[in-house]
Amino acid sequence: MPRRLPPLNAVRVFEAAARLESFSAAADELSVTHGAVSRQVAQLESWLGHGLFDRVGRRVVLTPLGRRYLSEVSAALDRLALATAEQLKATRQQVIRVNAPTTFALRWLLPQLSNFQLTHPSIEVRLTTSDEPIERVREPFDVAIRGGEQQPAGYVVTEFLTEVRLPVCSPKVLQAHPIRDVSDLAHHTLLHTATYPELWAQWLTACGSPQLAGGQSLQLDHFYLTLQAAIDGLGIAMGPTALVALDVREGRLVFPFEGPALPAWRYGCYVHNARREEPAIVAFTTWLLEVGAKFSAA
C-alpha cells in the first residue's frame, strides 16, 4: 500500500513554528515570510482535518494533538536529516595527500594516476614531492612513498614495487654506434646523476670491466634529468626498470644489455598506524599493490 503522507513542506514549516512557538521566528529560520508560514500551517491543518495551534492574541499555542504531532514529526525529521548526512558523507569527495620522490612521481606515479582516478572518482589525490626521510617531511601527508629501507616510528610500510637497474638509451644512440659488448661503451657518452655517482662504477665492476670508461661523461643534478637526457639521445643512463618501463614499451628507450642487473630497489608506501584502516587510504594502497605487481622485477 502506498504511504499516505501530508504535504512535506508544510510539515517542515509546522515543525519549525511549533518548536520555536512562533510563526515569526519560524519565518526567520526558514527565510520565508510570516504569511508563508501561516499558509503552510493552515494547509497542513486542512489536510489533517483539525487544528494544531490555538491562536491566543498574537501568540500561537500548540493544541494537545499538535504537541503529540510535533513529537513524532521532530523525530522523523531528525532521522531524515541523519540519513541524508550519511548519504552526503558517502558521496563527498575525499582527499588523500601523497608525498613521493620527484623522479618516481614524474616517471611512474603520474602516468598511472589516471587509472586510479577512473576507478575511484570520489577520491582526490593531492601530490607533493620530496626525497627527505619521512620524519623530516614538513608538508602534511596521508601516504608517503619512498625507495630503500626506512623504519620511521609509528608507521606501517607496505612494499609494492621492486626494480633493478640496467643501462638504457634511445634507439637512435645505438643506430649511430651499435653496441655488441661492454667494450663498445668506450664510444658512447655515459650519463651520470650527482646524487647517484656510483651506479656506473658498480655496474661496470659487475661486468668485470671496472677500469672501462665511456668516451665522454655528462653529469646532471637530478635523476629525472638524466633519464630525459637518455630519451633525448644524449647518452646512456643507468635506468631503473620500473621507472623507464613505459618508455621502453613505447619505443623511446631500449636496454642495450640484458645484464648484469644491479640489486633491486624497493618502493614502499608508509601510513601512520592510526590511519591505516581509513577507506581512502586503504583504496590507494591497495591500488598501488595491484599496479606495482605489473611493473615489479622478478
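Since the model is a prediction, treat every value here as computed from it, not as a measurement.
Hydrophobic clustering of Ile, Leu, Val, Met, Phe, Trp and Tyr side chains at less than 4.5 Å, counting indirect connections, unites Leu166 with Leu174.
In summary, Glu45 and Arg55 engage in a salt bridge, as defined by a charged side-chain N under 4.0 Å from a carboxylate O.
For the 3.5 Å distance criterion, the side chains of Thr63 and Asp54 fail to qualify, holding no donor opposite an acceptor.
Ring orientation note: the planes of Trp265 and Tyr267 are nearly perpendicular, at an angle over 60° on the 30°/60° scale. Ring geometry for His272 against Tyr155 counts as perpendicular: the plane angle is over 60°, on a 0 to 90° scale with 30° as the lower cut. Aromatic ring orientation, Phe14 versus Tyr69: tilted (interplanar angle from 30° to 60°). Ring geometry for Phe23 against His34 counts as tilted: the plane angle lies between 30° and 60°, on a 0 to 90° scale. Between Trp203 and Trp200, the ring planes are perpendicular. Angles over 60° get that label, and only those under 30° would be called parallel.
Within the model, atoms CD1 of Ile96 and OG1 of Thr285 stand 7.5 Å from one another, a figure rounded to the nearest 0.5 Å.
Other residues, nucleotides and ligands contribute only 12 or fewer heavy atoms inside 6.0 Å of the CD atom of Gln216. Residue Arg68 qualifies as open at atom CZ: its count of foreign heavy atoms under 6.0 Å is 12 or below. More than 12 heavy atoms of other residues, nucleotides or ligands sit less than 6.0 Å from atom CD of Glu139. Atom CD of Glu258 sits in a sparse spot, with 12 or fewer heavy atoms from other residues, nucleotides or ligands closer than 6.0 Å.
By the 4.5 Å heavy-atom criterion applied to side chains, Ile134 and Arg146 are counted as neighbours. Residues Leu234 and Thr189 fail the side-chain proximity criterion, which asks for heavy atoms closer than 4.5 Å.
A cation-pi geometry, defined here as NZ or CZ lying under 6.0 Å from the six-membered ring centre and within 45° of its normal, does not hold between Arg107 and Phe223.
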